[in-house]
Amino acid sequence: MNANYYRCRNCLLPNTKPDLHFEGDVCLACKFTKYHDEEIDWSARKKEFEDLVKDINKKNDVYDCLIAVSGGKDSTYQTYLATKVAKLKPLLVSFEPSCLTEIGKHNLDNLSNTFNCDLLLLKKSSTYRKLARIGFDLVGDHEWPNHVGIFCWP
């Protein structure tokens, strides 16, 4: 048995899994789950959300808020909360991924249509390819301009 190989005491994921970090013999995913389940006051968080929504001026004719979306489950849930729970009118914004798949396009269209929201998709220009090369050469990641784009664009 390799002395450098071990598993999380709780979930048994191995330390060989990429981006899985440990504190002692417990992985950070298990530590976060414990924090999520036992230490967050969800009633207080709900009140905080409701207070935030009250502060938004819903008399705006166009949009009440902006939501950065990918079409995945997290942005879909955020859009659900904004539209169905808070009764807000969000503008959805998305940065075009490196390779927009048919499923990805369907997910974004579905998100926009399901919640009746406008979607603003920033499409890449010819400059993106040059930035991808620079990202690969300088950072070692050809997806670097995409990572920067999804955080800066919204």
Side-chain angles (χ1 to χ4, degrees), residues 1-37 40 45 48-49 52-53 55-57 60-86 88-154:
M1 175 73 95
N2 185 340
N4 293 325
Y5 176 83
Y6 54 91
R7 293 180 174 273
C8 173
R9 175 174 43 99
N10 293 332
C11 69
L12 302 179
L13 282 174
N15 66 327
T16 56
K17 182 182 183 302
D19 294 323
L20 184 65
H21 303 282
F22 287 78
E23 283 184 7
D25 58 354
V26 177
C27 74
L28 293 186
C30 285
K31 282 191 164 287
F32 177 78
T33 299
K34 181 175 173 35
Y35 168 77
H36 178 277
D37 294 346
I40 296 175
R45 294 290 295 267
E48 185 180 338
F49 175 71
L52 179 66
V53 170
D55 288 343
I56 296 173
N57 181 1
N60 188 340
D61 292 335
V62 185
Y63 306 108
D64 298 314
C65 61
L66 181 90
I67 303 175
V69 298
S70 64
K73 61 185 178 294
D74 293 338
S75 54
T76 299
Y77 186 61
Q78 290 170 0
T79 305
Y80 163 79
L81 286 176
T83 58
K84 302 300 183 191
V85 175
L88 298 174
K89 176 70 176 164
L91 171 63
L92 308 180
V93 295
S94 186
F95 186 85
E96 182 180 46
S98 297
C99 181
L100 183 59
T101 64
E102 284 303 313
I103 292 173
K105 183 175 178 343
H106 170 78
N107 286 348
L108 283 172
D109 291 341
N110 186 52
L111 177 60
S112 176
N113 294 334
T114 297
F115 297 105
N116 193 30
C117 297
D118 293 334
L119 171 65
L120 189 58
L121 177 66
L122 181 65
K123 294 187 174 240
K124 298 181 299 290
S125 68
S126 59
T127 305
Y128 182 87
R129 186 176 174 92
K130 294 174 188 172
L131 290 172
R133 180 61 202 208
I134 292 168
F136 181 74
D137 290 343
L138 295 179
V139 185
D141 181 5
H142 71 282
E143 290 288 327
W144 176 76
N146 190 280
H147 302 314
V148 172
I150 63 174
F151 289 105
C152 295
W153 160 238

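For this chain, numbers begin at 1 and follow the sequence in order.
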Gap between atom CZ of F115 and atom NZ of K84 - 0.5 Å precision = 6.5 Å
message = For the OG1 atom of T83 and the CG atom of L92, what is their distance to the nearest 0.5 Å?
response = 9.0 Å
ask   = Can you check side chain to side chain contact (heavy atoms under 4.5 Å, CB included) on Y63 and L88, steps first, answer last?
value = CA-CA 8 Å; Y63 306 108; L88 298 174; over 6 Å; no
message = So V93 and V69, do their side chains get closer than 4.5 Å, heavy atoms only?
response = no
task = Looking only at non-hydrogen atoms, find the nearest pair between Y5 and N15 and report the distance.
result = CA-OD1, 3.6 Å
remark   = Hits for salt bridge (Lys or Arg N to Asp or Glu O under 4.0 Å) against K105, two or more places apart or cross-chain, chain-then-number order -> D109
Distance in Å, T127 OG1 paired with L131 CG, rounded so as to fall on 0.5 Å steps = 6.5 Å
request  = Considering non-hydrogen atoms only, spot the tightest contact between C11 and C27 and give its length.
outcome  = SG-SG, 3.8 Å
note = For E96 and K124, the nearest pair of non-hydrogen atoms, with its separation, is OE1-N, 3.0 Å
message = Evaluate K89 against V62 for side chain to side chain contact (heavy atoms under 4.5 Å, CB included), listing each step before the verdict.
response = CA-CA 7 Å; K89 176 70 176 164; V62 185; over 6 Å; no
inquiry  = Rounded to the nearest 0.5 Å, what separates atom CG in L91 from atom SG in C117?
reply    = 8.5 Å
task = Name all residues meeting the side-chain hydrogen bond (donor to acceptor under 3.5 Å, both in side chains) criterion together with H147; count only those two or more places apart in sequence or in a different chain, and write none if there are none.
result = D141
key: Test salt bridge (Lys or Arg N to Asp or Glu O under 4.0 Å) applied to D137 - qualifying residues, sequence neighbours left out   = R133
query = Which is it for K123 and F95 under the side chain to side chain contact (heavy atoms under 4.5 Å, CB included) test, yes or no, and what are the steps along the way?
reply = CA-CA 7 Å; K123 294 187 174 240; F95 186 85; over 6 Å; no
query = Can you name the closest pair of heavy atoms from P14 and R7 and give their distance?
reply = CD-NH1, 3.8 Å
request  = Heavy atoms only: give me the nearest G71-T76 pair and the separation to one decimal.
outcome  = O-OG1, 3.8 Å
key: Whether over 12 other heavy atoms sit under 6.0 Å from I103 CD1   = no
ask   = Could you state the interatomic distance from NE2 (H21) to SG (C8), rounded to the nearest 0.5 Å?
value = 13.5 Å
ask   = Just wondering, more than 12 heavy atoms not from D37 lying within 6.0 Å of its CG?
value = yes
remark   = Between the CG atom in N110 and the NE2 atom in H106, the distance rounded to the nearest 0.5 Å is 4.5 Å
key: Stepwise side chain to side chain contact (heavy atoms under 4.5 Å, CB included) check, T79 with L111   = CA-CA 8 Å; T79 305; L111 177 60; 3.8 Å; yes
Which atom of R9 lies closest to which atom of V26, heavy atoms considered = NH2-CG2, 2.9 Å
message = Between F22 and Y6, is the ring centroid distance below 6.0 Å?
response = yes
inquiry  = Are there over 12 heavy-atom neighbours, none belonging to D55, within less than 6.0 Å of that residue's CG?
reply    = yes
inquiry  = Is the shortest side-chain heavy-atom distance between L122 and S94 below 4.5 Å?
reply    = no
inquiry  = Ring-plane angle category for Y77 and Y80, please: parallel below 30°, perpendicular beyond 60°, tilted otherwise.
reply    = parallel
